[in-house]
Amino acid sequence: MDRLLAADEARRAAVAAADSLRAEQKAFGRKVGQASPEERPALLERGKELAAEVKAAEARQAEAEEALQQAHRAIPNVIIDGVPAGGEDDFTVLETIGDKPVYDFEPADHTIVGERVGAFDTARGAKVSGSRFYFLTGPGALLEFALVNLAMAQATAAGFTPVVAPALVRPEAMEGTGFLGAHAEEVYHLERDDLYLVGTSEVALAGYHSDEIIDLTDGPRRYAGYSACFRREAGSYGKDTRGVFRVHWFDKVEMFSYCPPEQAEEEHLRLLAWEKEFLDKLELHYRVIDTAAGDLGSSAARKYDCEAWFPAQDRYRELTSTSNCTTFQARRLAIRYRDSNGKPQPAATLNGTLVAVTRTIAALLEVHQQADGSVRIPEALRPYLGGMDRIEPAKL
RNA sequence: GGAGGGCUCGCAUAGUGGCCUAGUGCGGCGGUCUUGAAAACCGCUAUGAGGGGUGACUCUCAUCGUGGGUUCGAAUCCCACGCCCUCCGCCA
């Protein structure tokens, strides 16, 4: 913090120095313009000196501004009061919804169920693209579209603007959303074109209103973005290697909201409520956690995760996650709104998963499997599957 | 991939080295006039950084797509990049 204040002080002084020199040069320029051709050569000597001084002052200004930027970028977002302290395991459980389902047989891992009903093919995924890739096949492919359509229908009904967002973005968007900080190793980069593959459409949806002053007088602006998502999964070697639980690529519908900072905490709870509504429709048992400060990443000031119960793993695993980024992303991306005085101010940005397709399919297969090897389709999803109420085991 | 044209303060446009402290029109906002409105007239009209006043305000600097360069001086000249448009090629 001290470093930041010092850097800002230095920048202010450098700017003031450069400003006054520029003013002097400007006045001098006018004098030269009005001078007669005979008078000019004598004046130009002084002009050269002035130009050199201005140049030097501007260099110092640029340096001071860069230093301040660096100091700023190094600092992650400020955590909201009440967020649990500590690391990954120090979360607080806020609530638990539903009861653990009871099985009168030994529930199989989602990988087994998926193969049994022919929902995906990871062996051929690996053959074609490498480990952590897959083909969704038959009922799995249909489930993807059903889940996406159910999510988009819910979001649209709630007033979100549906969006299909680009999966490749420029460095500014990646940097501005905070993904080149602590999570830089997670991100795919295309060197040749200097483009990044997004890990979430949050990146594109935040970039959408960058360098804009948006109108928030009618309340938050909400977008539901669908895109492919790519994650290197560096540092997770050997973790969740089977099936489609943790993969390098998946499709996702993401909620994204822009609102005035003072409304951000209530908006965060609304996003959480929409996530819960969706999980309820899928008839899943899950809990909501308040992620600890050490596990927030650089952009979030608070993060709630919904973790569904996976019976074969006998664990709660993250299905959705919603972050309140307060003004962190908006300050970097120049996303502003006019406050009640008409003055531009950084807006707050928030995001939340509606459905991360493959992981949700994994949950559905594992949770709704039946003794006969079939998988029951939750009621809400059936209209999007032509009325199908169960997936039968594939032949062979 | 190749060739050409373009990017100016909400929109449209003027501006080819100093009188640009960026002009004009439209739109928008406020006012005068009016019973009310229209018209007419007057004023205002972006962003950032910094300074002055309790405040309505006011002053300085920067910004003409972005970044460099040339020059005493750049919207204007040079280079690179981004984006848009037209045509050719290729393509789902």
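The figures that follow rest on heavy atoms only: side chains count, while hydrogens, waters and symmetry mates do not.
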Task: Separation between the C1' atoms of B:rU32 and B:rA37, rounded to whole Å - done: 15 Å

TODO: Tell me the partner of B:rA92, counting only Watson-Crick (N1-N3 plus N6-O4 or O6-N4) or G-U wobble (N1-O2 and O6-N3) with both under 3.5 Å; none if nothing fits.
DONE: none

TODO: Let me know the distance between CD of A:E172 and C1' of B:rU66, rounded to the nearest Å.
DONE: 10 Å

Task: Interatomic distance where CD belongs to A:E9 and C1' belongs to B:rG51 [whole Å] - done: 14 Å

Open item on the list: Evaluate A:E66 against A:Q70 for side chain to side chain donor-acceptor pair (under 3.5 Å), listing each step before the verdict.
Closed with: CA-CA 6 Å; A:E66 178 58 28; A:Q70 292 258 332; 3.1 Å; yes

Task: Pairwise P distance for B:rG23 and B:rA14, with rounding to whole Å - done: 16 Å

TODO: Determine the interplanar angle of the A:F133 and A:W249 rings, folded into 0 to 90°, and report it as parallel if under 30°, tilted if 30 to 60°, perpendicular if over 60°.
DONE: parallel

Task: Nucleotide opposite B:rU60 in a Watson-Crick or G-U pair, distances under 3.5 Å - done: B:rA49

- [ ] Provide the Watson-Crick or G-U wobble partner of B:rU70, both distances under 3.5 Å; none if there is no partner.
- [x] none

Open item on the list: Just the rounded figure in Å: distance from C1' of B:rA49 to CD of A:E58.
Closed with: 14 Å

Task: Pair partner, B:rA38 [Watson-Crick or wobble, under 3.5 Å] - done: none

Open item on the list: By the 4.0 Å heavy-atom rule, please label A:R331 as base, sugar-phosphate, or nothing.
Closed with: nothing

Open item on the list: Under 3.5 Å for both donor-acceptor distances, Watson-Crick or wobble: does B:rU86 have a partner, and if so which one?
Closed with: B:rA3

- [ ] Side chain of A:A23 only, please: which of B:rG50, B:rU60, B:rG73 is the nearest?
- [x] B:rU60

Task: d(CG, A:L21; P, B:rC72) in whole Å - done: 17 Å

Task: A:R22 and A:E58 ion-paired at < 4.0 Å - done: yes

Open item on the list: Looking at B:rG23, which nucleotide sits across from it as a Watson-Crick or G-U wobble partner, both distances under 3.5 angstrom, or is there none?
Closed with: B:rU13

Open item on the list: Tell me which nucleotide, if any, is Watson-Crick or G-U wobble paired with B:rC81 when both distances must be under 3.5 Å.
Closed with: B:rG65

Open item on the list: Using a heavy-atom cut-off of 4.0 Å across all strands, would you classify A:A51 as base, sugar-phosphate, or nothing?
Closed with: sugar-phosphate

Task: Lys/Arg N to Asp/Glu carboxylate O, A:K239 vs A:E233, below 4.0 Å - done: no

- [ ] Send over the distance from A:R338 CZ to B:rG10 C1', rounded to a whole Å.
- [x] 11 Å

Task: Options B:rU47, B:rC72, B:rA49, nucleotide nearest the side-chain atoms of A:Q25 - done: B:rC72

Open item on the list: What's A:R170 touching, base or sugar-phosphate or nothing? Going by heavy atoms closer than 4.0 Å.
Closed with: sugar-phosphate

Task: Test item: side-chain donor near acceptor, A:S299 and A:N77, under 3.5 Å - done: no

Task: C1'-based separation of B:rG82 from B:rU24 [nearest Å] - done: 30 Å

Task: Atom P, compared across B:rU76 and B:rC64: separation rounded to whole Å - done: 8 Å

- [ ] Would you indicate which nucleotide in B:rU47, B:rG50, B:rC72 comes nearest to any side-chain atom of A:K48?
- [x] B:rC72

TODO: Report which part of the nucleic acid A:E45 touches: base, sugar-phosphate, or nothing (heavy-atom distance under 4.0 Å, all strands).
DONE: nothing

Task: Between B:rU8 and B:rU13 - C1' atom distance, rounded Å - done: 9 Å

Open item on the list: Using atom P in both nucleotides, what's the gap between B:rC42 and B:rC33 to the nearest angstrom?
Closed with: 16 Å

Open item on the list: Taking only the P atom of each, what is the distance from B:rU60 to B:rG1 in whole angstrom?
Closed with: 49 Å

Open item on the list: Determine whether the aromatic ring centres of residues A:Y208 and A:Y223 are separated by less than 6.0 angstrom.
Closed with: yes

Open item on the list: Under 3.5 Å for both donor-acceptor distances, Watson-Crick or wobble: does B:rC44 have a partner, and if so which one?
Closed with: B:rG28

Task: Between P of B:rU47 and CD of A:Q345, the distance in whole Å - done: 12 Å

Open item on the list: If I take atom CG in residue A:D211 and atom C1' in nucleotide B:rG82, what distance separates them, rounded to the nearest angstrom?
Closed with: 13 Å

Open item on the list: Categorize A:G29 for me: base, sugar-phosphate, or nothing, with a 4.0 angstrom heavy-atom threshold over every strand shown.
Closed with: base

Task: Candidates B:rC61, B:rG50, B:rC72 - which lies nearest the side chain of A:R12 - done: B:rG50

Open item on the list: I want to confirm an ordering. Mapping A:S20 and A:R336 to their closest nucleotides on RNA chain B, which one lands closer to the 5' end?
Closed with: A:R336

TODO: Any chance you could lay out the side chain to side chain donor-acceptor pair (under 3.5 Å) test for A:E202 and A:Q329, step after step, and finish with the verdict?
DONE: CA-CA 11 Å; A:E202 166 194 348; A:Q329 296 177 334; 2.8 Å; yes

TODO: Please measure how far the C1' atom in B:rU71 lies from the corresponding atom in B:rU58, and state the result in whole Å.
DONE: 35 Å

- [ ] Give a yes/no on whether any side-chain N or O of A:K26 is located under 4.0 angstrom from OP1 or OP2 of B:rA62.
- [x] yes

TODO: Answer yes or no: does a side-chain N or O of A:R22 lie under 4.0 Å from OP1 or OP2 of B:rA49?
DONE: no

Task: Length of the line joining A:L50:CG and B:rC61:C1', which is rounded to integer Å - done: 15 Å

Open item on the list: I'd like to know if A:D280 and A:K276 make a salt bridge, using a cut-off of under 4.0 Å between side-chain N and carboxylate O.
Closed with: no

Open item on the list: Assuming nearest nucleotide by heavy-atom distance, tell me which of A:D19 and A:A16 is located more 5' along RNA chain B.
Closed with: A:A16

- [ ] Tell me whether the OP1 or OP2 atom of B:rU71 has a side-chain N or O from A:K55 closer than 4.0 Å.
- [x] no

